[in-house]
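Here the structure is laid out as structure tokens; the discussion comes afterwards.
A note on names: the letters A, B, ... follow the listed sequences, proteins ahead of strands, and every chain is numbered from 1.
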There are 2 protein chains.
Amino acid sequence: MEQVSRVAGTVRPGGRTARVRAAVLQATQDELVEHGFQGLTMDQVAVRAGVGKTTVYRRWGSPAGLVTDLMTELADQSSPRADTGSIDGDLRANALAVHAALTDGRLGVTFEAMIAAATCDAQAANALRAFCRRRLEEWAGAVELAVKRKELPAGTDAVELVRAVSAPLFYRLVVTRESVTAEDAERSAVRALIAARAGAFAPGCPVAP
Amino acid sequence: MEQVSRVAGTVRPGGRTARVRAAVLQATQDELVEHGFQGLTMDQVAVRAGVGKTTVYRRWGSPAGLVTDLMTELADQSSPRADTGSIDGDLRANALAVHAALTDGRLGVTFEAMIAAATCDAQAANALRAFCRRRLEEWAGAVELAVKRKELPAGTDAVELVRAVSAPLFYRLVVTRESVTAEDAERSAVRALIAARAGAFAPGCPVAP
DNA sequence: AGGTAAACGGGAGAGATGTCCCGTTAGTGG
DNA sequence: CCACTAACGGGACATCTCTCCCGTTTACCT
């Protein structure tokens, strides 16, 4: 309740405070690229950002806090969903966007770190869930349009379908740690689409025999 | 090459060494249940196991090492795949088995810890990949039988299909941290099966337009 | 049984990690 | 432009993590 007013950086967010935040987030990402999440130390980030160690502890508290803030920053920059005119194109675009986010350079490293942070910190887990939820719902719009265009059965569960596109990509990245190609991503989109056309995401789909 | 002979516990694996290992793994699992992976400390495990702290460091090296060893222990105990006679039943059984492993009490906590360990330790990541690979290949046998029975199209990629069954479950557990019900698990199996029947896992499936 | 050395256990100590205090800097509102 | 105080920075200090040394226990071989 009173919590927010006690967090440093909320009363005077301009000027120095903003510069410190930018420097720290930049340093965090650099450190992630070089040492990964497990090698991310508050001390090193402070040194790299040219900022007092106390400040980093006070405002972010832990490596997970740093990554979480970095993620919210990147979330604001993420591009809107594509609209190719066909559900096939849209789902492929989604799969490729997820693939790019998970594997491309600095962004990919940050995502991996975010997932690692989520496994050991509740706040990070919430931030990751919220982020995924937002992306999922945005892309679900493409599915709903496709249903209106009669490309997909009426009642198709949009969020579940979009989820089915990215789930195999995350699975490979997190669980089996195989490298994921753009082709893998497209395959995932195509498979989800085939299932959707066959009514797998529509009501009346047999769950219990 | 000479590495193995330098690892403590390999030359005299009987008697005390075995007792120590059992006590440490037991303590590790207890600690995981109570504090999770991030709260797993070598010191506390040593105390709980009634074992010298030096011993835990010497033989396991890190929390990730503890969890990895615990996982290999559990892997040996994991039950073989089901054979219900139909691919529908087999895939459902697989989904339910995965669901049970991920959510049931002590075992579920251990799995979650293993995933956390894999995000920050290469050895743990390898162990997890190897484990998943083995389970995947075992259940792939059910798919191959189904292809022989003409339940599924010829050339269906067995491993990919089994992967598609469990991917959404892992996705929810790791990424979005939603609770996963047995019904969710069955739905996942049914959807993968629908896609497979439609040829989504068989050659000739359109990947590039 | 008895000898040998693998493996264990305790404790000291180096090093990293996180906290606290308090003086200094610089946004912000008047 | 000035006063007020949020936010920062440096450094001392407590704490935890991990390693090392060396004496003790005990599994394994003959």
Side-chain angles (χ1 to χ4, degrees), chain A residues 2-28 31 34-69 116-117 120-121 123-124, chain B residues 2-28 31 34-69 116-117 120-121 123-124:
Chain A
E2 274 275 302
Q3 192 61 21
V4 173
S5 65
R6 288 169 173 276
V7 174
T10 53
V11 178
R12 288 181 181 177
R16 179 171 59 172
T17 297
R19 281 196 304 277
V20 165
R21 177 164 182 256
V24 167
L25 292 188
Q26 175 73 36
T28 298
E31 285 290 310
E34 285 179 27
H35 308 113
F37 178 68
Q38 124 240 36
L40 188 71
T41 72
M42 306 295 273
D43 249 318
Q44 196 51 41
V45 167
V47 170
R48 186 159 203 157
V51 149
K53 163 176 82 153
T54 311
T55 299
V56 181
Y57 277 109
R58 185 168 38 222
R59 287 187 58 184
W60 289 276
S62 69
L66 283 171
V67 174
T68 302
D69 196 20
C120 65
D121 180 272
Q123 192 191 347
Chain B
E2 275 275 303
Q3 193 62 20
V4 173
S5 66
R6 288 169 173 277
V7 173
T10 54
V11 179
R12 287 180 180 176
R16 178 172 58 172
T17 297
R19 280 196 304 277
V20 165
R21 178 165 181 254
V24 167
L25 292 189
Q26 175 73 37
T28 297
E31 285 289 311
E34 285 180 26
H35 307 112
F37 178 67
Q38 123 242 34
L40 188 70
T41 72
M42 306 296 273
D43 249 319
Q44 196 51 42
V45 168
V47 170
R48 187 159 202 157
V51 151
K53 160 177 81 151
T54 311
T55 299
V56 180
Y57 277 108
R58 185 167 39 223
R59 287 186 60 182
W60 290 276
S62 69
L66 283 170
V67 174
T68 302
D69 195 20
C120 66
D121 180 274
Q123 191 190 348

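D/dG9 atom P lies 8 Å from atom CZ of A/Arg58, rounded to whole Å. To the nearest angstrom, C1' of D/dC13 lies 15 Å from CG of A/Asp43. Rounded to an integer number of Å, the gap from A/Arg16 CZ to C/dA26 C1' is 5 Å. Atom CG in B/Leu40 sits about 14 Å away from atom C1' in D/dT17, given to the nearest Å. Atom OH of B/Tyr57 and atom P of D/dC18 are 4 Å apart (whole Å). Rounded to whole Å, atom P of D/dT17 lies 14 Å from atom CG of B/Leu66.
The only option from B/Val45, B/Asp69, B/Val67, B/Val20 that meets the side-chain contact (heavy atoms from CB on, under 4.5 Å) definition with B/Leu25 turns out to be B/Asp69.
Closest contact between the side chain of B/Arg19 and the listed nucleotides C/dG11, D/dG9, D/dA27 involves D/dA27. Candidate nucleotides D/dA7, C/dC8, D/dG11 were compared by shortest atom distance to the side chain of A/Arg59, and D/dA7 ranks first.
Two residues, A/Trp60 and A/Lys53, neighbour DNA chain D, and the one matched to the more 5' nucleotide by heavy-atom proximity is A/Trp60.
Residue A/Arg21 is classed as having no contact, given no heavy-atom separation below 4.0 Å to the nucleic acid.
Between A/Thr54 and D/dC8 there is no side-chain N or O to OP1 or OP2 distance below 4.0 Å.
The two atoms that bring A/Ala46 and A/Val56 nearest to each other are CB-CG2, 3.7 Å, heavy atoms only.
Under 3.5 Å, the side chain of A/Thr17 and the base of C/dG27 form no donor-acceptor pair of N or O atoms.
Looking at B/Glu34 and B/Gln44, their side chains never come closer than 4.5 Å, going by heavy atoms from C-beta outward.
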side-chain contact (heavy atoms from CB on, under 4.5 Å) between B/Glu31 and B/Thr41, intermediate numbers included
CA-CA 9 Å; B/Glu31 285 289 311; B/Thr41 72; 5.6 Å; no
